[in-house]
Amino acid sequence: MNYPRECGCKGARSCLKCESNSDLGIKPKAFYQEFKTRKSFVFCPYCSKIYEGWDTENIEAEHAASHNNLPGYNFPGILVQPDFITKDELNHLMKGIDEMHWDVSQSGRRKQNFGPKTNFKKRKLQLGQFKGFPEFSEFVQTKLRQVPLLHDFYVIEQCSLEYDPEKGASIDPHIDDCWVWGERVVTVNCIGDSVLTFTKFTDDPNLKYNLDYVDTYKQHLLPRGPERCDLQEEDFVVRVPQPERSLVVIYGEPRYNWEHCVLREDIKTRRVCVAYREFTPPYLVNGNEAEQSEQINELAKYFWNHNHLNKIIE
């Protein structure tokens, strides 16, 4: 079942529609039930520490109440900035997003993808249909570079993602590819509060996610302070809140040593987010593979009017 089904799922990915088709014989994954059996911690955006617990809804009040005197632990490599975009900016962004065509994706999601064509298995990069990004979203990229952690973050892929609770939308535990996508994994959560759930990656790094490629550019990764979580148990869960209009950045240890997912049970209403990716150092302007990415890097500076595009399609 590696071929795409009508709903967009393929392989091990599934949504409520294909799970309800008895002919397919697909059983829903029990990530939520499994993770609930483990010790869990919630990341606080206001003090950047993790505290024992599962629910994220009242994290601001819990922070104000000093987290009920629970001990907090460092979990470096996560930035959550609430209210990253204003309500007016959100309305402008969502208007543009919803005026554009959505493509079906896996696990009950829809997507709008703007970036080069990538083959992660063969580590092959092509321009594909990439022509830059929609003009209505340019302000977001400008705001990203105003964040100190992202001052030199240059977007090479921008992907709008919609999660629909009626489809059982989710994304399975994974690490973003490490061959072509750089250290900082950036998401602007537009509408629909959500949660990123992190679990320690324990498989062979030479076999998944192109993690073995990290050694070729490790010396170029971000300079940091403490790189490891205070807690070194392998079976605990970290829950990172993603409020509406917030910015979330993953880097460092959570980027390379932890899988992250969005659980179906955490999608209560329609959720739309915009994910941003940068190149790994070899594909940057002065990198070893810059010749392959030169045209892509140039086109990534261009923003086009989506209304003009829609008229052409019509």
Side-chain angles (χ1 to χ4, degrees), residues 9 11-15 27-45 48-57 59 70-80 106-109 120 161 163 168-178 181 183-187 189 193-214 221 224 226-243 246 248-268 271 273 275 277:
C9 301
R13 305 291 183 258
S14 66
C15 65
K27 294 182 179 179
K29 300 182 186 71
F31 292 123
Y32 179 85
Q33 291 79 2
E34 178 193 344
F35 294 163
K36 284 285 283 185
T37 66
R38 305 187 193 182
K39 192 171 186 178
S40 62
F41 295 82
V42 173
F43 181 85
C44 175
S48 298
K49 292 183 179 294
I50 57 174
Y51 298 85
E52 190 168 351
W54 177 270
D55 294 327
T56 63
E57 290 87 350
I59 190 65
L70 289 171
Y73 303 95
N74 289 318
F75 191 67
I78 298 291
L79 169 69
V80 179
Q106 300 191 64
S107 303
R109 303 188 306 272
F120 299 125
L161 292 166
Y163 290 72
S170 65
I171 190 165
D172 288 359
H174 69 284
I175 292 175
D176 283 38
D177 178 81
C178 300
W181 301 147
E183 178 176 8
R184 293 164 292 190
V185 173
V186 176
T187 303
N189 197 52
D193 293 346
S194 186
V195 183
L196 271 180
T197 299
F198 285 80
T199 49
K200 197 71 175 288
F201 176 66
T202 56
D203 290 343
D204 186 345
N206 293 313
L207 300 178
K208 296 183 76 174
Y209 310 125
N210 283 318
L211 279 163
D212 60 314
Y213 194 73
V214 178
L221 299 182
R224 293 177 294 272
E227 293 190 4
R228 296 182 66 82
C229 175
D230 286 347
L231 300 171
Q232 291 305 307
E233 308 166 50
E234 289 191 351
D235 61 349
F236 69 96
V237 175
V238 175
R239 305 260 292 162
V240 176
Q242 294 185 295
S246 67
V248 179
V249 184
I250 307 170
Y251 61 100
E253 186 185 6
R255 166 70 171 100
Y256 298 112
N257 298 333
W258 292 70
E259 291 183 307
H260 60 276
C261 67
V262 176
L263 298 172
R264 175 179 293 175
E265 290 79 3
D266 288 320
I267 302 299
K268 313 291 187 184
R271 179 202 179 208
C273 66
R277 302 292 176 262

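Numbering of residues begins at 1 and proceeds along the displayed sequence. Here the structure is a predicted model, which means the values were calculated and not measured. Basis for what follows: all heavy atoms, side chains included, without hydrogens, waters or symmetry-related copies.
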Subject >> Shortest non-hydrogen contact from Arg255 toward Cys178 >> reply: NH1-SG, 3.6 Å

Original post:
Going through the distances and angles, do Cys261 and Phe35 end up as a side-chain contact (heavy atoms from CB on, under 4.5 Å)?
Top reply: CA-CA 11 Å; Cys261 67; Phe35 294 163; 3.9 Å; yes

**OP:** Under the side-chain contact (heavy atoms from CB on, under 4.5 Å) rule, what do Leu263 and Ser170 come out as? Steps first, then yes or no, please.
**Re:** CA-CA 5 Å; Leu263 298 172; Ser170 65; over 6 Å; no

Original post:
Can you tell if the side chain of Pro71 reaches within under 4.5 Å of the side chain of Lys49, non-hydrogen atoms only?
Top reply: no

Subject >> Gap separating the CD atom of Glu57 from the CG atom of Asp193, nearest 0.5 angstrom >> reply: 8.5 Å

**OP:** List the steps and the verdict of ring pair (Phe, Tyr, Trp, His ring centres under 6.0 Å) for Trp181 and Tyr209.
**Re:** CA-CA 11 Å; Trp181 301 147; Tyr209 310 125; over 10 Å; no

Original post:
Short question: side chain of Ser107, backbone of Cys15 - any donor-acceptor pair under 3.5 Å?
Top reply: no

Original post:
Centroid-to-centroid, Trp258 to Phe236, below 6.0 Å?
Top reply: yes

Original post:
Which is it for Arg277 and Asp176 under the salt bridge (Lys or Arg N to Asp or Glu O under 4.0 Å) test, yes or no, and what are the steps along the way?
Top reply: CA-CA 10 Å; Arg277 302 292 176 262; Asp176 283 38; 2.8 Å; yes

Subject >> Non-hydrogen side-chain atoms of Val237 and Thr197 separated by less than 4.5 Å >> reply: yes

Subject >> From Ile78 atom CD1 to Leu196 atom CG, the distance as rounded to the nearest 0.5 Å >> reply: 7.5 Å

Original post:
Which pair of non-hydrogen atoms, one from Pro205 and one from Leu211, has the smallest distance, and what is that distance?
Top reply: O-CB, 3.2 Å

**OP:** Considering non-hydrogen atoms only, spot the tightest contact between Ala169 and Gly108 and give its length.
**Re:** CB-O, 3.3 Å

Original post:
For residues 195-214, which residue pairs qualify under salt bridge (Lys or Arg N to Asp or Glu O under 4.0 Å), counting only residues two or more places apart or in two chains?
Top reply: Arg123-Asp212, Asp203-Lys208

Original post:
Considering only heavy atoms from C-beta outward, does the side chain of Val240 approach that of Phe198 to under 4.5 Å?
Top reply: yes

**OP:** Starting at NZ of Lys39, measure out to CH2 of Trp54 and round the result to the nearest 0.5 Å.
**Re:** 15.0 Å

Original post:
Hey, are the side chains of Tyr51 and Ile59 touching, using non-hydrogen atoms and a 4.5 Å cut-off?
Top reply: no

**OP:** Please name the pair of heavy atoms, one in Pro243 and one in Val80, separated by the smallest distance, quoted to 0.1 Å.
**Re:** CD-CG1, 4.3 Å

Subject >> Point-to-point distance, once rounded to the nearest 0.5 Å, from OG1 of Thr199 to CD of Glu34 >> reply: 8.0 Å

Subject >> Derivation and outcome, side-chain contact (heavy atoms from CB on, under 4.5 Å), residues Ile267 and Ser194 >> reply: CA-CA 6 Å; Ile267 302 299; Ser194 186; 3.8 Å; yes

Original post:
Any donor-acceptor pair under 3.5 Å linking the side chain of His174 with the backbone of His260?
Top reply: yes

**OP:** To the nearest 0.5 Å, tell me how far Gln106 CD sits from Ile171 CD1.
**Re:** 9.0 Å

Subject >> Gly252 backbone acceptor or donor facing Glu183 side chain under 3.5 Å >> reply: yes

Original post:
Is Asp172 salt-bridged to Lys29, cutoff N-O under 4.0 Å?
Top reply: yes

Subject >> Residue pair Gln242 / Thr187, side-chain heavy-atom distance below 4.5 Å >> reply: yes

Original post:
Mind checking whether Arg271 and Val262 have side chains closer than 4.5 Å, heavy atoms only?
Top reply: yes

**OP:** Output, in order, the C-alpha distance, side-chain angles, deciding distance and verdict of side-chain contact (heavy atoms from CB on, under 4.5 Å) for Val248 and Leu79.
**Re:** CA-CA 6 Å; Val248 179; Leu79 169 69; over 6 Å; no

Subject >> Check against salt bridge (Lys or Arg N to Asp or Glu O under 4.0 Å), Arg239 and Asp266 >> reply: CA-CA 11 Å; Arg239 305 260 292 162; Asp266 288 320; 2.6 Å; yes

Original post:
Hey, what do you get for OH (Tyr163) to SG (Cys273), rounding to the nearest 0.5 Å?
Top reply: 5.5 Å

Subject >> Parallel, tilted or perpendicular, as decided by the 30° and 60° cut-offs, for the rings of Tyr73 and Phe41 >> reply: perpendicular

Original post:
At their closest point, which heavy atom of Phe43 faces which heavy atom of Pro241, and how far apart are they?
Top reply: O-CD, 3.2 Å

**OP:** Heavy atoms only: give me the nearest Asn210-Asp177 pair and the separation to one decimal.
**Re:** ND2-OD1, 2.6 Å

